[in-house]
**Q** 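Supplied in structure tokens, the structure appears directly below.
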Amino acid sequence: MPASRPEPERLWRSAEPRTSYEVVIVGGGGHGLATAYYLARNHGIRDVCVLERGWLAGGNMARNTTIIRSNYLWDASAALYEHSLKLWEGLEDELDWDLQLSQRGVLNLAHSLADVRSSVRRVEANRLNGIDAEWLEPEEVKAFCPIVDVSPDVRYPVLGATLQRRGGVARHDRVAWALATRASELGVDIVEHAEVTGFLRDGDRVVGVRTTRGDVRAGRVALAAAGHTSVLASMLGLRLPLQSHPLQALVSNLYEPVLGCVVMSNAVHVYVSQADKGELVMGAGIDAYNGYAQRGSFHVIEHQMAAALELFPIFRHAQLLRTWAGIVDVSPDASPIIGPTPIEGLFVNCGWGTGGFKATPGSGWVYADTIANGRPHPLAAPFSLERFVTGALVDEHGAAAVAH
Amino acid sequence: MLLIHCPWCGPRDEVEFRYGGQAHIAYPGDPGALSDEAWADYLFMRDNPKGPFAERWFHAAGCRRWFNAVRDTATHRLLATYRPDEPRPEVGP
């Protein structure tokens, strides 16, 4: 796909950390960069530093399967993810950057009567929330995605699918580069290779961070560290309902165009799209055990490939080129945790689990507002840490599409 | 794939096992007496260290017994496995 806009001459400015900022964001991935961008753009808070322990967007932002959709079940989730999808739809103009956003449609397959019922329910719930959603019978699935095997005699027959036509994919790296560059132009300092090793405290309040590149004081500290959130929070004695797991993905060799949409299957743990270059990009289920090693067990890949080959017999010609894993922070209800914490001056945005990429702009938008105003953005309010005490969980295991 | 040493059956492939999360979390003696915060802590809060972690495994395709392991989550290396009635062994990463 040719770039629709001229490439910018300069990317972001790589900054030396100063000794003090109004806001320090820990984590230079998609969510951290989007938060910095919207802090500067929406709230005029430009005295912001993004600290990244590795290289910019080299964690889960480099490892996800780039799927974007908003077809979640509950009102709270639908509102948050749809806000994000609407931002995606304007993001190329907003950032003046070709993000290769492709709203090619996302199919979520149903393989059992229980799947069918929950899928139809979710379609109706989506429509009530103003989100585009359709239920497709097997022959309609075949018409929309001709390479899917919908014959009834397979192990996990396709009994139908939900379709969100506005769903699709975007080029993950370009999203990070665009957000970093525009944030940087607004005055945000982006500091790579600065790992947070501790926090500066003043009584009960967090007043900064210790890093491998020196101490940095901050009016507010905002974590956007995905799988490593627990490691950071534990330095403050803050317990969070998170478990970090490897989530694996893979690409095949280059193929002629065979797959024009995104196909996801919750039951058989496979989701696949075809990159513009031609690789099949597939994601697997999470590895069961906790792990930070950015790799998983190979039997998870084998299981996923078996399911993919049954769904798409044409894939038997494909060669596995490369597998990898990212570390995802999974919450008990498969929903994120966004907001202030019991520790004054400290904010968290975590628990996105297997589905954070699609939320990048929406997450940044509501998190920036939450940090700027010191209270949850209305769309973030249902996703507070307190919900695990009140019991007001937002159970999205059905819509999250990857087994948690 | 991990090679996991079941305390009863010996070393077996990971696919024979199910994962059970953090070990040594006892059911509260008097759940009704707990505050909402304490109940949430029991129900939802778990350690999530990058390093040695005591965790439960179930030998689903073998002896069908639960046991505990200490595993380094930074490397996935299993440092020790032990029966549920044994204390957590002292092992380093």
Side-chain angles (χ1 to χ4, degrees), chain A residues 53 195 225-235 237-246 248 285-303 325 327-335 337 342 350-351 384-393 395 403-404, chain B residues 1-6 11-25 28 31-32 34-61 66-81 88 93:
Chain A
R53 76 186 179 112
E195 181 170 359
H228 277 74
T229 304
S230 296
V231 175
L232 291 163
S234 70
M235 296 174 187
L238 175 64
R239 277 164 72 79
L240 296 170
L242 297 175
Q243 298 283 277
S244 295
H245 292 268
Q248 299 189 71
I286 60 168
D287 281 71
Y289 49 76
N290 291 18
Y292 285 89
Q294 289 186 323
R295 62 174 184 273
S297 295
F298 194 70
H299 67 86
V300 175
I301 296 288
E302 288 181 309
H303 177 69
I327 303 305
V328 298
D329 43 330
V330 175
S331 71
D333 58 358
S335 285
I337 302 166
C350 57
S384 71
L385 191 52
E386 290 79 44
R387 76 177 185 270
F388 299 98
V389 174
T390 65
L393 303 185
D395 185 349
H404 280 62
Chain B
M1 187 182 302
L2 303 178
L3 187 64
I4 300 173
H5 194 105
C6 171
R12 300 290 184 88
D13 284 345
E14 179 192 343
V15 287
E16 293 189 13
F17 298 88
R18 293 277 181 278
Y19 189 62
Q22 187 174 352
H24 305 297
I25 295 176
L34 294 184
S35 65
D36 288 351
E37 287 76 14
W39 180 245
D41 195 71
Y42 163 71
L43 212 53
F44 296 125
M45 303 298 170
R46 293 292 180 270
D47 293 340
N48 189 21
K50 185 177 186 177
F53 183 49
E55 61 191 17
R56 306 168 76 216
W57 287 87
F58 176 56
H59 196 179
W66 286 92
F67 61 94
N68 294 334
V70 178
R71 192 176 49 89
D72 188 335
T73 62
T75 61
H76 299 176
R77 173 189 279 275
L78 279 142
L79 304 174
T81 55
R88 173 177 173 162

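No hydrogens, no waters, no symmetry mates; every other heavy atom, side chains included, goes into these values. Below, read A as the first sequence line, B as the second, and so on, with proteins coming before strands; counting in each chain starts at 1.
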**Q** Give me the atom names and distance for the closest heavy-atom approach of Ala293(A) to Ala74(B).
**A** CB-O, 3.4 Å
**Q** Asn290(A) and Phe53(B): which non-hydrogen atoms are nearest, and at how many Å?
**A** ND2-CE2, 3.4 Å
**Q** Would you call the rings of Tyr289(A) and Trp57(B) parallel, tilted or perpendicular if under 30° counts as parallel and over 60° as perpendicular?
**A** tilted
**Q** Pick one of side chain, backbone, both or neither for Arg71(B), based on which atoms fall under 4.5 Å of a heavy atom in chain A.
**A** side chain
**Q** Rounded to the nearest 0.5 Å, what's the gap from CG on Asp287(A) to CE on Met1(B)? Could you check?
**A** 10.5 Å
**Q** For a quick test of your reading: what N or O donor-acceptor pairs under 3.5 Å do the side chains of residues 39-47 of chain B make, sequence neighbours left out?
**A**
from, atom 1, to, atom 2, distance (Å)
Asp41(B), OD1, Arg239(A), NE, 3.3
Arg46(B), NH1, Tyr42(B), O, 2.8
Arg46(B), NH2, Tyr42(B), O, 3.1
Asp47(B), OD1, Arg239(A), NH1, 2.7
Asp47(B), OD2, Gln22(B), NE2, 3.0

**Q** Nearest 0.5 Å, what's the CG-NE2 distance between Leu2(B) and His299(A)?
**A** 7.0 Å
**Q** Let me know which of Thr75(B), Asp72(B), Thr73(B) forms a side-chain contact (heavy atoms from CB on, under 4.5 Å) with Tyr292(A).
**A** Thr73(B)
**Q** Answer yes or no: are there more than 12 heavy-atom neighbours, outside Arg18(B) itself, under 6.0 Å from its atom CZ?
**A** no
**Q** Below 4.5 Å from any heavy atom of chain B, which atoms of Leu238(A) appear? Answer side chain, backbone, both or neither.
**A** neither
**Q** Within residues 225-234 of chain A, which positions have a heavy-atom distance to chain B below 4.5 Å?
**A** His228(A), Ser230(A), Val231(A)
**Q** Give the intermediate values and the outcome of side chain to side chain contact (heavy atoms under 4.5 Å, CB included) for residues Leu240(A) and Asn48(B).
**A** CA-CA 9 Å; Leu240(A) 296 170; Asn48(B) 189 21; over 6 Å; no
**Q** What closest approach, in Å, do Gly291(A) and His76(B) show between heavy atoms, and which atom pair accounts for it?
**A** CA-NE2, 3.4 Å
